[in-house]
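First up is the structure itself, then whatever we jot down about it.
Only this structure's heavy atoms are used, side chains among them; waters, hydrogens and symmetry mates stay out. Since the model is a prediction, treat every value here as computed from it, not as a measurement.
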Amino acid sequence: MRVRKRNMASQYGKNMQLRMMKIMLIFFALFLVILGRYIWVETVLGQEMKKRSQYQVREQVAEYLPRGIIYDRNHRTMAISVMTKSLYVDPSHVQKPKDLAAQLAPILQMPAQEIVDKIGLGGGFVWLKREMTPEQTKAVENLIKQKHYYNCLGMRKESKRYYPNNELSANVIGFVGTDHEGLDGVEQSLNDVLKGNVIRNYLSTDMHNRPILDSILHTTSASPDHCKNVVLTIDSTIQFITEQALDKAMVDYQPANALAIVMDPKTGEVLAMACRPSYNPNAFWKYKPTAWKNRCISYVYEPGSTFKAVVAAAALQKKIIAPNDTFVDPGVINVADRHIQNWNGESFGTVTFTDIVRESLNTGFVYIGMKLGGPTLIDYAKKFGFGRVTGIDLPGEERGILFDPKDMTAPDVAVTSIGQGIAVTPLQMITAMAAIANDGVLLKPRIVRSIYNHDGSLYKRIEPQEIHRCIDSSTDKTLTMLLEKVVSSGSGQKAAVAGYHIAGKTGTAQKVDMVHGGYMPGKYVASFCGFAPTEDPRVVVLVVVDDPHKGSYYGGQVAAPIAKEIFSKVFRYLHIAPSVPVVEDLGTAPNVTKAVPVPATPYPKNVPPGMVVVPKVLGKTIRQATEILVKAGLDINVIGSGICTEQNPAYNSIAPPGMKIEVHFSP
């Protein structure tokens, strides 16, 4: 009996062990299945499941880091990003949407219904107002505190683009949208360089789409090294001078629009580029999109007589004509069905080529153009940069329109030689004139001077880029002499500045009717393009006035005076001394009084901080006096010409840096 019980116990133990092993094998098999499933989900389905999870329980919020700074050539800030706060709402925690909207509407300057509609979107996160002003931020903070809206309203820091100079250079700089993408100007063309990192944070939400506290407080930091700072070729002082001249022109001539460009002919750098009407990029949405347009690169127009400078260059280079060659002007010339006459409809008799250029005689240029022929005319137009984009770092540049030489008829050649039948952009026109000012060498125009990393180290410097030589140096000197006659005694006399040699060309062209074809009666484009000083060109100026409604419409009467104002102020700003003695005729006017010289004071023993001592310039020439005062950190107001006889304040006086010293010169 005992043996039987012992055997039964032994058998029971074996059965239990067998069952345990089976259970362990089952659990092990289940573990392998779960492990395999886990590996499958993590490796194969991981990314897809993660996206589903984020979609179901997380709200994405993008935070934009500040964009790079835009400077002018003197490192004056033209565009900068500042940190602001943006307001969001948690619709799931709003109990009385209409009451909340009524309280927020006057602060945010938004319709109350718009706020109600945004709350009605539901979810756990909806933007109400992006990039609030400091006043709005403070008012919202007070409202949250007073009404205890902590659970439904919140604010996050964001970067806002700010343009400290308002309208100045607006059409060049452009603007950015609320998503911090550049939408025009340099902001658009260099968006990838200027744009900062985008931090994408997520708000974890519960089953009712309510944000979980930890995710609201949690932020992700990112390095700002991605964005870079850009230094433009623009000089904000010259830009201001140019825009001021255009503002005056808009009042004096009441045109549809006007534009001007100032360029350094030796580097191709654009020193100023302005359009009127313009806009304030800090509130770009308040203006019509037409005001955003940079017409300096996108406006296509017939250049008229300014293009004759290129025709003259081709004729001189090809030795078709020389300055003293004569031509009998008939006053009118017929080419097939085209009836072409001079600007005054009269004959000038026997004239030289110098006279043809100076008086801008259409008959003479048609004669020269016919001798050159269509292929040569178009070839030189292309040499000077017409018919293609310049490649400047600005969006929306047009290429202009030229005839195909193979298809040109005799009338096409005739009208091309006087700047009609073709279309150019203002930037192309000033670039071509800059080539004449640069000894016949064409340079690529530039708006960007250099780019710096966020830490201040140089990332890239844009050097002057020579495209090719258009005409020989000797030809260029002859052409410059002819263009100088235009300003000194021809159609461009109103662009002349006393004491300086200026070369240039005026232009008056009928406006093309883009809808019905042909020309629009009574509507003209007046222009002037020139450079100075001719002995050592420093600046090229282009002025284009579209459809002036008041006064004359000729380029010499409308555009030339604007150019004169720009030239004279830029000469003074750049301290370009006159090269020709200026004789002032005081006449016998009874109110004319001579300046009384101020006696000199002893050299000061103690100079207050931030002040400078006025140096002595008596007995110096204009150039010498200018150099001495500029070296001392002062400016000069030149009166008369010759040798300095008086200065005010007197030398050894104390003056603030940048003060303008009145210096009188006598022969």
Side-chain angles (χ1 to χ4, degrees), residues 300-323 325-384 386-387 400-424 429 432 482 486 490-491 505-513 516-525 527 553-555:
V300 178
Y301 70 107
E302 290 193 356
S305 295
T306 52
F307 186 75
K308 291 175 181 177
V310 176
V311 180
L316 291 170
Q317 182 67 34
K318 288 292 186 178
K319 303 189 185 305
I320 296 294
I321 201 166
D325 288 353
T326 58
F327 167 76
V328 179
D329 173 30
V332 177
I333 189 169
N334 295 311
V335 180
D337 60 339
R338 299 298 176 92
H339 182 77
I340 301 172
Q341 61 184 21
N342 293 325
W343 58 272
N344 61 356
E346 298 179 0
S347 168
F348 282 73
T350 302
V351 292
T352 64
F353 181 55
T354 301
D355 299 325
I356 291 174
V357 176
R358 180 175 60 222
E359 300 296 338
S360 194
L361 302 183
N362 286 340
T363 54
F365 274 98
V366 169
Y367 169 76
I368 294 167
M370 299 302 290
K371 292 189 70 174
L372 284 169
T376 302
L377 274 176
I378 299 303
D379 178 51
Y380 273 85
K382 291 180 177 179
K383 282 184 178 181
F384 277 92
F386 296 104
I401 303 171
L402 293 178
F403 283 109
D404 186 333
K406 300 190 297 264
D407 301 330
M408 290 182 76
T409 62
D412 294 336
V413 176
V415 296
T416 300
S417 63
I418 59 174
Q420 294 184 350
I422 60 172
V424 306
M429 191 69 248
L482 296 177
V486 174
S491 60
K505 194 73 190 71
T506 60
T508 307
Q510 283 185 280
K511 288 192 66 173
V512 176
D513 189 335
H516 305 98
Y519 293 99
M520 303 170 68
K523 295 186 179 295
Y524 297 86
V525 177
S527 61
Y553 57 80
Y554 290 108

Are [X] and [Y] side-chain neighbours, meaning at least one heavy-atom pair lies under 4.5 Å?
| X | Y | answer |
| --- | --- | --- |
| Leu316 | Phe353 | yes |
| Asn362 | Asn342 | yes |
| Phe327 | Thr352 | no |
| Met429 | Phe386 | yes |
| Val512 | Tyr519 | yes |

Next on the checklist: What's the separation between atom CD1 in Ile333 and atom CD in Gln341, rounded to the nearest 0.5 Å?
Outcome noted: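 The CD1 atom of Ile333 sits 12.5 Å away from the CD atom of Gln341.
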
Closest heavy-atom contact between [X] and [Y]?
| X | Y | value |
| --- | --- | --- |
| Pro303 | Gly419 | CD-O, 3.3 Å |
| Pro330 | Val328 | CD-O, 3.2 Å |
| Val415 | Arg338 | CG1-NH1, 3.1 Å |
| Leu361 | Lys308 | C-NZ, 4.1 Å |
| Thr506 | Ser305 | O-CB, 3.1 Å |
| Leu482 | Pro323 | CD2-CB, 4.2 Å |

Item to check | Heavy atoms from other residues, nucleotides or ligands near OH of Tyr367 exceed 12 (cutoff 6.0 Å) | outcome: no

Item to check | Neighbour count above 12 (heavy atom, 6.0 Å) for Lys318 NZ | outcome: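 12 or below, so no.
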
Checklist entry - Side chains of Ser360 and Ser491: donor-acceptor distance under 3.5 Å anywhere? => result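 Ser491 and Ser360 do not have a side-chain donor-acceptor pair below 3.5 Å.
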
Checklist entry - In terms of side-chain heavy atoms, does Tyr380 have a donor or acceptor partner in Gln317 at a distance below 3.5 Å? => result no

Item to check | Verdict with reasoning, Phe348 to Asp355, per side chain to side chain contact (heavy atoms under 4.5 Å, CB included) | outcome: CA-CA 9 Å; Phe348 282 73; Asp355 299 325; over 6 Å; no

Is a side-chain N or O of [X] found less than 3.5 angstrom from the main chain of [Y], in a donor-acceptor match?
| X | Y | result |
| --- | --- | --- |
| Glu359 | Gly490 | no |
| Ser347 | Asp329 | yes |
| Ser527 | Gly555 | no |

Item to check | Among Thr416, Ile320, Val413, the one residue meeting side chain to side chain contact (heavy atoms under 4.5 Å, CB included) with Leu372 | outcome: Ile320

Checklist entry - Taking the inter-plane angle between the rings of Tyr554 and Trp343 on a 0 to 90° scale, is it parallel (under 30°), tilted (30 to 60°) or perpendicular (over 60°)? => result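 Perpendicular, since the angle between the ring planes exceeds 60°.
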
Checklist entry - Charged N to carboxylate O below 4.0 Å: is that the case for Asp379 and Lys382? => result no

